[in-house]
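Reading through the structure tokens given below for one structure.
Every chain is numbered from 1, with letters handed out A, B, ... down the list of sequences.
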There are 2 protein chains.
Amino acid sequence: MTDKKTKRTKQSINREELESRILRCAEVVFAEKGYNGSSMEAIAASASISKQNLIYYFSNKELLYQRVLKEMLDIWIEKLSFLETQGDTPETVIRRYVREKMQLSRLYPNGSKVFAHEIISGAPVLKEYLISHLKPQFDRDVILVKSWISKGLVDDIDPEHLFFTIWAATQTYADFSVQMEVLLGKHRLDEADFERAESAVTDFVVRALGAKKNNYK
Amino acid sequence: MTDKKTKRTKQSINREELESRILRCAEVVFAEKGYNGSSMEAIAASASISKQNLIYYFSNKELLYQRVLKEMLDIWIEKLSFLETQGDTPETVIRRYVREKMQLSRLYPNGSKVFAHEIISGAPVLKEYLISHLKPQFDRDVILVKSWISKGLVDDIDPEHLFFTIWAATQTYADFSVQMEVLLGKHRLDEADFERAESAVTDFVVRALGAKKNNYK
DNA sequence: CAACAACTTGTCTTTCCGGTCAGCAATAAG
DNA sequence: CTTATTGCTGACCGGAAAGACAAGTTGTTG
């Protein structure tokens with residue numbers, strides 16, 4: 001109707017566009033209601049299409065759920081596989097890592113919530129993925145921190161639990177945002193809140209590490 | 001059958017016992033499946049009673065869910081309202097606080113997960129409770145930390161986000177235990193893991209605070 | 001023991017939801 | 001213009017699950 005220019009496969013363009021719109025909407029619904037609480041009808045309504053049409057694009061609910069999870073994980077893997085940038089100081093690496101993680105909480109709160117629901121529920125869908133993809137990366141990153149320790153670049157902290165703490169402290173700004181909104185007396189966390197959060201968490205981590213140079217602020 | 005001694009209201013004793021057994025079982029099911037994913041039948045089966053009997057004790061699912069949440073929150077409120085123990089050093093208070101919080105994750109992982117599901121979903125049931133109970137306590141605790149800062153007992157950290165980080169870092173040992181099990185290559189987190197976690201998180205926080213005396217380890 | 005209360009279960013109804021299917025509409029290709 | 005492919009919809013089905021109801025059973029009290 002509108003696009004005369006895009007002669008080439010007008011349908012396929014719409015298809016891609018609709019598919020990604022569905023995924024975005026499904027993400028929101030899954031985040032709020034969990035897998036079982038989200039009906040295909042509700043997701044369809046949220047994307048302003050009919051249930052049957054939704055099923056036409058994603059033939060069943062399980063598949064749609066997996067696609068939503070996968071989209072989130074692909075982003076995470078892409079953004080968080082840079083601990084190996086050797087040559088930088090531990091503090092630089094850590095600051096960048098925390099900043100990236102915080103931005104993921106800010107930019108993709110719903111995907112993060114879907115992930116959280118999944119893990120809390122025992123990771124029935126993602127367990128294999130965690131073993132095959134996350135663990136190797138985790139092991140490498142732990143080794144890197146250990147090498148920092150042995151070189152005396154940082155204090156003798158517990159590497160595994162350092163990562164658990166960083167993940168928890170950053171992800172909480174997506175998953176538990178409602179609680180924070182209540183406690184801070186705000187309707188929504190805004191840019192400024194995230195700035196403060198990022199700098200607070202970063203400083204916490206850097207101080208806890210006891211990195212050589214502590215020139216923050 | 002067994003209890004001859006407890007003449008007084010043998011039934012009422014069974015009732016209490018059964019009620020609390022139901023609550024414990026419901027907690028497990030809700031933790032794993034979320035509210036919508038948990039059927040009354042599944043909860044009943046997990047408590048080894050019939051669905052109809054379950055409904056006899058808890059007339060509907062919503063009520064049962066609220067009772068489970070309330071049980072958890074009562075424990076939390078009870079255990080975590082001691083930041084006002086004046087006279088102690090910040091380090092002492094903080095260490096005790098983190099330890100208590102970690103023990104809650106260890107002792108009540110399922111209640112913690114139910115709570116997490118609820119908050120991530122936007123706290124439809126608990127929002128009012130958070131406003132009326134948690135926020136006042138939070139505000140008080142923030143003021144206490146601020147007084148520490150103004151007295152120079154701790155560094156100039158961000159009090160609100162300090163609490164967010166402590167909560168996240170401790171609660172993650174309940175909520176995300178599956179992820180940790182995978183990453184640590186264990187089937188279950190054992191006592192030793194929690195010991196390590198507790199000491200890692202505690203040290204982490206104490207260092208971040210920059211409390212006067214840092215005589216850990 | 002008799003009568004009453006507390007407890008337990010089997011049956012049924014209603015609602016909701018995931019998914020199928022047959023057919024209609026719009027677009028692309030010849 | 002005709003035909004085929006792709007996109008979309010309404011009507012429908014089977015199963016699951018919440019809860020109502022009535023009936024039966026067990027324990028309690030006079």
Side-chain angles (χ1 to χ4, degrees), chain A residues 1-23 25-26 28-30 32-69 114 117 121 124-125, chain B residues 1-23 25-26 28-30 32-68 117 121 124-125:
Chain A
M1 276 218 178
T2 47
D3 286 335
K4 273 247 167 125
K5 306 289 178 62
T6 60
K7 251 182 272 190
R8 190 73 51 77
T9 53
K10 172 177 158 189
Q11 286 185 327
S12 73
I13 287 175
N14 281 344
R15 171 149 206 140
E16 275 177 39
E17 199 177 292
L18 185 49
E19 261 186 23
S20 75
R21 196 176 87 218
I22 291 173
L23 284 171
C25 291
V28 175
V29 177
F30 281 135
E32 187 167 336
K33 304 285 185 177
Y35 178 78
N36 287 290
S38 306
S39 71
M40 292 295 269
E41 201 148 21
I43 295 169
S46 138
S48 307
I49 59 175
S50 70
K51 186 184 80 167
Q52 299 89 329
N53 200 15
L54 169 60
I55 291 173
Y56 176 73
Y57 281 90
F58 296 92
S59 56
N60 65 62
K61 189 172 149 184
E62 172 87 17
L63 186 126
L64 176 57
Y65 177 69
Q66 287 175 359
R67 281 288 303 273
V68 168
L69 273 179
V114 178
H117 277 306
S121 300
V125 172
Chain B
M1 277 221 177
T2 48
D3 285 337
K4 272 252 167 120
K5 305 289 176 65
T6 60
K7 253 182 270 190
R8 191 70 54 75
T9 53
K10 173 176 160 190
Q11 286 185 326
S12 74
I13 287 175
N14 281 344
R15 173 153 202 136
E16 276 176 39
E17 199 176 294
L18 185 49
E19 262 187 22
S20 74
R21 195 176 86 218
I22 291 173
L23 284 170
C25 291
V28 175
V29 178
F30 281 134
E32 187 167 336
K33 305 284 184 179
Y35 177 79
N36 288 288
S38 304
S39 72
M40 292 294 269
E41 201 148 19
I43 295 169
S46 138
S48 308
I49 59 175
S50 69
K51 185 187 81 168
Q52 300 87 330
N53 201 14
L54 169 60
I55 291 174
Y56 176 73
Y57 282 91
F58 296 92
S59 54
N60 64 62
K61 190 172 147 182
E62 173 87 17
L63 185 127
L64 176 58
Y65 176 70
Q66 287 175 359
R67 282 288 303 275
V68 168
H117 277 306
S121 298
V125 172

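Glu41(B) is linked by a salt bridge (Lys or Arg N to Asp or Glu O under 4.0 Å) to nothing, counting only residues two or more places apart in sequence or in another chain. For Ser59(A), the side-chain contact (heavy atoms from CB on, under 4.5 Å) test picks out no residue, with sequence neighbours left out. The ring pair (Phe, Tyr, Trp, His ring centres under 6.0 Å) search around Tyr65(A) returns Phe30(A), Tyr35(A), not counting sequence neighbours. Among residues two or more places apart in sequence or in another chain, the side-chain contact (heavy atoms from CB on, under 4.5 Å) test is passed with Ser46(B) by Cys25(B), Val29(B). Every side-chain contact (heavy atoms from CB on, under 4.5 Å) that Leu23(B) has, sequence neighbours left out, goes to Phe58(B), Leu64(B), Arg67(B), Val68(B), Glu71(B). In this structure Ser20(A) satisfies the side-chain contact (heavy atoms from CB on, under 4.5 Å) test together with Arg24(A), sequence neighbours excluded. For Tyr57(A), the ring pair (Phe, Tyr, Trp, His ring centres under 6.0 Å) criterion is met by no residue, not counting sequence neighbours. Judged as a salt bridge (Lys or Arg N to Asp or Glu O under 4.0 Å), and not counting sequence neighbours, Glu62(B) has no contacts.
In this structure, the CG atom of Leu18(A) is 17 Å from the P atom of dT6(D), given to the nearest Å. A straight line from CZ of Arg15(B) to C1' of dT28(D) spans 15 Å, rounded to a whole angstrom. Between the P atom of dC7(C) and the CD1 atom of Ile55(B) lies a distance of 16 Å, rounded to the nearest Å. The distance from atom OH of Tyr65(B) to atom P of dG19(D) is 15 Å, rounded to the nearest whole Å.
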Practice item. I would like to know whether Gln52(B) and Ile55(B) meet side-chain contact (heavy atoms from CB on, under 4.5 Å); could you show each step before the answer? Key: CA-CA 5 Å; Gln52(B) 300 87 330; Ile55(B) 291 174; 5.7 Å; no
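If you check residues 56-63 of chain A against DNA chain D, the residues with a heavy atom closer than 4.0 Å are Tyr56(A), Tyr57(A), listed by number. Proximity of residues 33-46 of chain A to DNA chain D (heavy atom under 4.0 angstrom from any strand atom) is not detected for any residue.
Scanning both residues, Ile22(B) and Leu54(B), for their nearest heavy atoms gives CG2-CD1, 3.5 Å.
Within the structure, every side-chain polar atom (N or O) of Asn53(B) is placed at least 4.0 Å from both OP1 and OP2 of dC7(C).
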Practice item. Fill in the dot-bracket string of DNA chain C, one character per base: . for unpaired, | for a pair to another strand, ( ) or [ ] for pairs within the strand, taking Watson-Crick or G-U pairs under 3.5 Å. Key: ||||||||||||||||||||||||||||||
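Separating the NZ atom in Lys33(A) from the OG atom in Ser39(A) is a distance of 9.5 Å, to the nearest 0.5 Å. Note: Ile49(B) CD1 to Tyr56(B) OH = 12.0 Å, rounded to the nearest 0.5 Å.
With Lys61(A) contributing its side chain and Ser38(A) its backbone, the two residues share a donor-acceptor pair below 3.5 Å.
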Protein and nucleotides 10-14 of chain D: nitrogen or oxygen contacts under 3.5 angstrom:
| from | atom 1 | to | atom 2 | distance (Å) |
| --- | --- | --- | --- | --- |
| dG10(D) | N7 | Gln52(A) | NE2 | 2.6 |

